[in-house]
Amino acid sequence: MIPTEKHAYQLLHDGALAFADVEQNGMRVDVPYLDKTIAQTDRKIKHLTKRLRDSKFFAEWRRIFGQKTNMGSREQLGHVLFTFMGLECKHRTPTGKPKVDEGVLEGIDVPEVQKYLQIEKLKKARSTYLQGIKREVCGEFIHPFFNLNLARSYRSSSDHPNFQNMPIRNKQMGKLIRSCFIPRKGHRIVELDYSGIEVRIAACYHQDSNMLGYIHDPKSDMHRDMAQQIYFLTKKQMTKEIRFCAKSYFVFAQFYGDYYLNCAKSLWDTIDRDKLKLADGTPMKEHLRSKGITELGACDRDESPVPGTFEHHLKFVEHDFWKNRFKEYDQWKWDWWNEYCATGEFQMLTGFRVHGDYTKKQVINYPIQGSAFHCLLWSLTQLNHWLKRKKMRSCIVGQIHDSIVADVYESELDDYLGMANEISTKKIRKHWPWIITPLEIEVEATGINQSWFTKKQIEIPT
DNA sequence: TACTTCGGCGCC
DNA sequence: AAAGGGCGCCGAAGTA
């Protein structure tokens, strides 16, 4: 069956009804913890702010801005650093003002600037998350909205509060915020994720033979191979951290349409920031030096890269990536774009006919992002339907693009996981035969009555 | 006071 | 040839 627009409509209709259930279910909040944490964070911010205010650095700041002094203003901080202290401003925003973001400030060797960053992190936690959650608490639940009508890519979005951007990468911040969320009594929070769904769905479009090889062969690993090539490593020298860097800053960046200059720079900066080492402990920069690479390079798009620089190497890696390794994927991107240019529209595998004014990257990314999300949406809808039909105590409480968050009753865990696995990896492929790649899920769960922060990977019962 | 824009930052 | 895809929310600053 080739999906048609009618099926596409039905997907969103049923999805919207399922989301209404999810919104009504809501996520339980540990209100005493939330209140305690707001007060605590408040105190921390006040304390750190006072210390910064008493510094010589801030006296200078106040001398410059007088009555208008505002410690929360990055623009003012940038002015102090780049105009009055004479530091070189290397990065500007699209409107030409000095960039004063975390990346820039981290590279400035002034203790007060590092204090400022620490305060800003806490303010983000307080305003966007702690107070944002508090504002929406009703009883002891929040009921975030999940929208199907806002994202141009045909994904979903979430608001009031946005459930799809709760901190997790920064462990400290993740703990602070995710500890706010707890399961219902006698339940666990169970989160299932599609593994690499975008890569797999992309392959359903371009059908690149090398990519399909990677997806089908469990012993192969695209990110590991790219890490080895980027950093000149043998399999034995690899670490998880190195693989993660290659995956985030090269492979995914390339898939989204980035190019070697940005990739080279972020990969290079990460080496020092994360203190990357080989498996045997050799520092990464020392290793690269032994391979003849001593510096990043100018990263100026008007100058061609100099041999011996990391930038020059990455240009080669990028070329090899698209012209050798994944050349059929590369060809598909052009064919897909040209087809759009000729007809003014493209059709997603999930049946959406998309027309309008789009850039090349949008034309290439939307069908992949959109269809990948639609797999999640279809699975969530089926799973929700099953939970209701069986009158189970477990319920779905949220969704994050490629994952489903549920509040699962102790004795229903195995049934829930069995059915979730059945629907999201097997039934979906009967429903959509265009999915030519295997789909897999991973599951993380908290202990009974434990907060979302404590989730750990668990096995899916067979 | 109400609104918009910008820069920034959290997530996939 | 150009040069990071998709979201929502925050505070600062400017305008009406």
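Chain letters run A, B, ... following the sequence lines, proteins first, then strands; residues in each count from 1.
Judged by atom type and distance alone, A:Arg155 reaches the base of B:dC12 through a side-chain donor-acceptor pair under 3.5 Å. For A:Lys124 against B:dC9, a side-chain N or O and a base N or O form a donor-acceptor pair under 3.5 Å. Residue-to-nucleotide contacts include a donor-acceptor pair under 3.5 Å from the side chain of A:Gln369 to the base of C:dG5. Residue-to-nucleotide contacts include no donor-acceptor pair under 3.5 Å from the side chain of A:Asn162 to the base of C:dG8.
When heavy atoms are screened at a 4.0 angstrom cut-off, A:Lys265 is found touching no nucleic acid atom at all. Counting non-hydrogen atoms under 4.0 angstrom, A:Lys361 reaches the backbone sugars and phosphates but no base. Within 4.0 Å (heavy atoms only), A:Ser403 reaches no atom of the nucleic acid at all. Heavy atoms of A:Leu150 sit under 4.0 angstrom from primed sugar atoms or phosphate atoms, though from no base atom. Using a 4.0 Å heavy-atom cutoff across all strands shown, A:Asp258 reaches at least one base atom of the nucleic acid. A:Ile400 comes within 4.0 angstrom of sugar-phosphate atoms only, judged by non-hydrogen atoms across all strands, and of no base. A:Ala151 comes within contact range of the sugar-phosphate backbone alone, with a heavy-atom separation under 4.0 Å but no base atom that close.
Between A:Asp221 and A:Arg243 there is a salt bridge, since at least one side-chain N of the basic residue sits less than 4.0 Å from a carboxylate O of the acidic one. In this structure, A:Arg273 does not pair ionically with A:Asp269, as no charged nitrogen and carboxylate oxygen lie closer than 4.0 Å.
Here C:dG8 is the nucleotide among C:dG8, C:dG6, B:dG8 with the atom lying nearest to any side-chain atom of A:Asp159. In the set C:dG4, B:dC11, B:dC12, B:dC12 carries the atom at the smallest distance from any side-chain atom of A:Asp402. Comparing B:dG8, C:dC10, B:dG10 by their closest approach to the side chain of A:Pro167 singles out B:dG10. The side chain of A:His160 approaches C:dC9 more closely than any other nucleotide in the set C:dC9, B:dC12, B:dG10.
Under the 6.0 Å distance and 45° angle rule, A:Lys427 does not count as a cation-pi partner of A:Trp432. A cation-pi arrangement is not found for A:Lys361 relative to A:Trp337, the charged atom failing to lie both closer than 6.0 Å to the ring centre and inside a 45° cone about the ring normal.
No side-chain donor from either of A:Ser451 and A:Tyr33 sits under 3.5 Å from a side-chain acceptor of the other.
Taking 4.0 angstrom as the limit, A:Gln362 places a side-chain polar atom (N or O) nearer than this to OP1 or OP2 of C:dG6. Side-chain N/O atoms of A:Asn70 include one lying less than 4.0 angstrom from OP1 or OP2 on C:dA12. Using a 4.0 Å cut-off, some side-chain N or O of A:Ser157 falls inside it from OP1 or OP2 of C:dG8. Contact check, A:Arg178 against B:dC11: no side-chain N or O comes under 4.0 Å of OP1 or OP2. In this model, the phosphate group of C:dG6 is approached by a side-chain N or O of A:Tyr366 to a distance below 4.0 Å at OP1 or OP2. Contact between the side-chain N/O atoms of A:Ser73 and the OP1/OP2 oxygens of C:dG11 is not found at any separation under 4.0 Å. Between A:Arg74 and the phosphate of C:dA13, there is no side-chain N or O to OP1/OP2 separation shorter than 4.0 Å. Contact check, A:Gln76 against C:dA13: a side-chain N or O comes under 4.0 Å of OP1 or OP2. At the phosphate of C:dC10, neither OP1 nor OP2 sits under 4.0 Å from any side-chain N or O atom of A:Arg126. Between A:Lys68 and C:dA13 there is no side-chain polar atom (N or O) within less than 4.0 angstrom of OP1 or OP2. At the phosphate of C:dA2, neither OP1 nor OP2 sits under 4.0 Å from any side-chain N or O atom of A:Lys360.
Under the stacking criterion of a centre-to-centre distance below 5.5 angstrom and an interplanar angle below 30°, A:Tyr256 sits stacked against the six-membered ring of C:dG5.
Between the CG atom of A:Asn170 and the P atom of B:dC11 there is a distance of 8 Å, rounded to whole Å. Put simply, CZ on A:Arg169 is 5 Å from P on B:dC12, counting in whole angstrom units. Between the CD1 atom of A:Ile119 and the C1' atom of B:dC9 there is a distance of 17 Å, rounded to whole Å. For the pair A:Ile364 CD1 and C:dA1 C1', the computed distance is 13 Å after rounding to whole Å. A:Met71 has its CE atom 22 Å from the P atom of C:dC10, to the nearest Å. If you measure from atom CG of A:Asn262 to atom C1' of C:dA2, you get 11 Å, rounded to the nearest angstrom. The distance from atom CD of A:Glu102 to atom P of B:dC9 is 6 Å, rounded to the nearest whole Å. When the C1' atom of B:dG10 is taken as reference, atom CZ of A:Phe181 falls 13 Å away, rounded to whole Å.
Within the 6.0 Å centre-distance limit, the rings of A:Phe250 and A:Phe321 are counted as a close aromatic pair.
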- request: Test side chain to side chain donor-acceptor pair (under 3.5 Å) on A:Gln382 and A:Ser424 and set out the steps.
  value: CA-CA 9 Å; A:Gln382 298 293 312; A:Ser424 57; over 6 Å; no

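Residue A:Asp330 forms a side-chain hydrogen bond (donor to acceptor under 3.5 Å, both in side chains) with just one option from A:Arg325, A:His206, A:Lys323, and that option is A:Lys323.
When the C1' atom is compared between B:dC9 and C:dA3, the two are found 22 Å apart, to the nearest whole Å. With P as the reference atom, C:dA2 and B:dG10 are 32 Å apart, rounded to whole Å.
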